[in-house]
Every structure is written in structure tokens, then in C-alpha cells.
Q: 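This is the structure I want to talk about, given as C-alpha cells.
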Amino acid sequence: MRDAARLRRAFFNRPTLIVAEELLGTFLVHRTADGVTSGRIVEVEAYIGEDDPACHAAPGPTRRNRPLYGPPGFSYVYLNYGMHYLTNVVTEAEGSPAAILLRALEPADGLELMRRRRARLGAAIADADLCRGPGNLSRALGITLTQNWLDLEGEELFLEDRGARPVDVVWSRRIGIRVGTEPLWRCHVRESTAISGPGRRRTSS
DNA sequence: CGTTCGATGCACT
DNA sequence: GTGCATCGAACGT
């Protein structure tokens, strides 16, 4: 396998759907005092502009969505339903609000730490479930509001290509939203067992 | 298998 | 006060 190549700002400074597809197969890495956790990105969704009713930029600029209007290559993390942190990466040029929601990873590094962070009373968690779903992957990697608006060219939270691309891609409608469900702005790796969504939340028994 | 529903906190109007 | 880019336990087949 060839050396890992960090994804730099120019990678994110492109049309969001292109970035979304090329993100599949790359790795998200989070370094903390507790250790390093990472996973291969296998499912993402694009949220593009003020005309996209499901995008946080739909109401125009606010305090929360400010990162979307900033430069590409930054994180955008927010709390959803009062209990789940959702991790996004900002795309497109500064002033063009758009981002990609990271929905599922295949765990790569720090599985033990992920299990500790995800721990629930009584129940063991299968590897493929550790980072399945946007709330779960954020929890497994230890991503909270503290990681909002971080420069992905920094040393804490970043993405890298470890040579696991290209990949067999499937496009579909975005899930878990009530508006803006028409466009096919969700994409995932066809053969992955870690994809989220109805009926896939459970690893087969 | 399938579907429903409660938990929970913050940004926004 | 309202609504959410969710999760998983608890039901009903």
C-alpha cells in the first residue's frame, strides 16, 4: 500500500458532489490524548447551498452555520436531537455554503478506544457497528463541539488517502431528513457492510 | 423480520 | 416554544 496522502484544502475547494464521491475510500483520523481513532469513509451525504432546504444554510447565515460560509477544508460539527454530534466537512469556495455529512466508517485504528467510547451496559458492539451512522461515528472518534470548525490541514482532525480508492459507488436519496429528499445526494461504497440506514443498523446474528 | 416512539439540548423565530 | 442531517429499546408481526 502506498503512503498516506493528506487531503488538503484544494481537494475540498471543488463541487460538493465531486468531493463527496472522492471522499469514499479515504480515511478520517482523530488524534486525542486518549489515542488515535480512524476509519475508512463508506457513506456520505451532500448538503449544498441556501436553496437546499435540508442544508443548514437554508435560513441564510446564522451563528451556528457560520463554518459553512467559511473556507473549505474545515470541520462543521453540531449537536442534533440533543444527544448526537454530527460531523461534516466544508466544501466549495468561501461564501458558498456547502458541506458533506459523514454517515459511516469502517473502523481502522483504535477499535478498543472506540468500543470504550461507545460502551453501553451489557451489550457488545460488533466492529461494523462501531461507526455506523453519523451520531455513532462521531461518538466512536470522540468528536464533539470542541472539534467544530477545525482546520482539516491541522494535526488533530484530518483526512487522508491510504490508497483504498477508487471505489464502487452507489448514489441514492438522502435519509433521515423531512425535506429535500428528492436529489440523489447520498453516496456509499457498494460492498461495505458498515452502511447506515433502515434495516441495516444491526449486524447479522 | 418489521415499525414506533421516547430521550434530550440547543439554535433559531 | 418549536423542531431537528439520530439512536436503539420495545413492541408487533
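Here is how names work: the chains are called A, B, and so on, in the same order as the sequence lines, proteins then strands, and each is numbered from 1.
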Q: Which part of the nucleic acid, if any, lies within reach of A:Arg174 when heavy atoms closer than 4.0 Å are counted: base, sugar-phosphate only, or nothing?
A: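 The answer is nothing, as A:Arg174 stays clear of every strand by at least 4.0 Å.
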Q: In whole angstroms, how far is the C1' atom of C:dG3 from the CG atom of A:Leu79?
A: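 Going from A:Leu79 (CG) to C:dG3 (C1'), I get 13 Å.
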Q: Sequence neighbours excluded, which residues qualify as side-chain hydrogen bond (donor to acceptor under 3.5 Å, both in side chains) partners of A:Arg64?
A: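 Here no residue qualifies.
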Q: In residues 14-24 of chain A, what donor-acceptor pairs under 3.5 Å come from side-chain atoms, sequence neighbours left out?
A:
from	atom 1	to	atom 2	distance (Å)
A:Arg14	NE	A:Phe11	O	2.9
A:Arg14	NH1	A:Glu22	OE1	3.4
A:Arg14	NH2	A:Phe11	O	3.3
A:Arg14	NH2	A:Glu22	OE1	3.0
A:Thr16	OG1	A:Thr91	OG1	2.7
A:Thr16	OG1	A:Glu92	OE2	2.6

Q: Going by side-chain hydrogen bond (donor to acceptor under 3.5 Å, both in side chains), name the residues that satisfy it together with A:Tyr69, two or more places apart in sequence or in a different chain.
A: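 By the side-chain hydrogen bond (donor to acceptor under 3.5 Å, both in side chains) rule, A:Tyr69 matches A:Glu50.
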Q: Kindly write out the residues that satisfy side-chain hydrogen bond (donor to acceptor under 3.5 Å, both in side chains) with A:Asn65, not counting sequence neighbours, or none if the list is empty.
A: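 Applying side-chain hydrogen bond (donor to acceptor under 3.5 Å, both in side chains) to A:Asn65 gives A:Thr62.
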Q: Going by the salt bridge (Lys or Arg N to Asp or Glu O under 4.0 Å) test, which pairs reach into residues 136-151 of chain A, not counting sequence neighbours?
A: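 Applying salt bridge (Lys or Arg N to Asp or Glu O under 4.0 Å) to every pair that reaches into residues 136-151 of chain A, excluding sequence neighbours, yields A:Arg9-A:Asp151.
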Q: Restricting to side-chain hydrogen bond (donor to acceptor under 3.5 Å, both in side chains), what partner residues turn up for A:Asp52, sequence neighbours left out?
A: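 Applying side-chain hydrogen bond (donor to acceptor under 3.5 Å, both in side chains) to A:Asp52 gives A:Arg174.
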Q: Whole angstroms only, please: what is the CG-P distance between A:Asp129 and C:dG8?
A: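 These atoms are roughly 8 Å apart.
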Q: For A:Arg186 and A:Ser172, test the side chains for any donor-to-acceptor distance below 3.5 angstrom and give the result as yes or no.
A: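 A donor-acceptor contact under 3.5 Å links the two side chains.
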Q: Is the terminal nitrogen or CZ of A:Arg40 (NZ for Lys, CZ for Arg) located under 6.0 angstrom from the six-membered ring centre of A:Phe27 and within 45° of that ring's axis?
A: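 The answer is no; the distance or angle limit is not met.
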Q: Over all strands shown, is A:Leu101 touching base, sugar-phosphate only, or nothing at heavy-atom distances under 4.0 angstrom?
A: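 Base contact.
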Q: How would you list, by chain and number, every residue that makes a ring pair (Phe, Tyr, Trp, His ring centres under 6.0 Å) with A:His56, sequence neighbours excluded?
A: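 Result, ring pair (Phe, Tyr, Trp, His ring centres under 6.0 Å) vs A:His56: A:Tyr76, A:Tyr78.
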Q: On a whole-Å scale, what distance lies between the C1' atoms belonging to C:dG8 and B:dC10?
A: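 Nearest-Å result for C:dG8 against B:dC10 at atom C1': 22 Å.
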Q: Below 4.0 angstrom, which residues in residues 110-118 of chain A have at least one non-hydrogen atom near DNA chain C?
A: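 Heavy-atom cutoff 4.0 Å gives A:Arg118.
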Q: Please confirm whether the backbone N or O of A:Leu141 pairs with a side-chain atom of A:His30, one donor and one acceptor, at under 3.5 Å?
A: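 Judged by distance alone, yes, a pair lies under 3.5 Å.
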Q: What's the CD1-C1' distance between A:Ile177 and C:dC4, to the nearest Å?
A: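 One finds 12 Å between C1' of C:dC4 and CD1 of A:Ile177, rounded.
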Q: Which residues in residues 84-100 of chain A have at least one heavy atom lying under 4.0 Å from any atom of DNA chain B?
A: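 The stretch gives none, as no residue of it lies under 4.0 Å from the strand.
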Q: Please state how far atom CD1 in A:Ile175 lies from atom P in C:dT6, giving the value in whole angstrom units.
A: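 From A:Ile175 CD1 to C:dT6 P: 8 Å.
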Q: For DNA chain C, what residues of residues 143-151 of chain A have any heavy atom nearer than 4.0 Å?
A: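 The answer is none.
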Q: What interatomic distance, in whole Å, is found between P of C:dA5 and the corresponding atom of B:dT13?
A: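 Approximately 14 Å lies between the P atom of B:dT13 and that of C:dA5.
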Q: Which dot-bracket string fits DNA chain C when only Watson-Crick or G-U wobble pairs with both atom distances under 3.5 Å count, crossing pairs get [ ], and | stands for a partner on a different strand?
A: ||||.|||||||.
Q: On DNA chain B, check which nucleotide each of A:Tyr81 and A:Arg64 is closest to and give me the residue with the more 5' one.
A: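 Nearer the 5' end of the strand: A:Tyr81.
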Q: Tell me, yes or no, whether the heavy-atom count around A:Arg8 atom CZ, taken from other residues, nucleotides or ligands under 6.0 Å, exceeds 12.
A: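 Not buried by this count: 12 neighbours or fewer within 6.0 Å.
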Q: For DNA chain B, which residues in residues 38-53 of chain A have a heavy atom at a distance below 4.0 Å?
A: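 Heavy-atom contacts with DNA chain B come from no residue of residues 38-53 of chain A; none.
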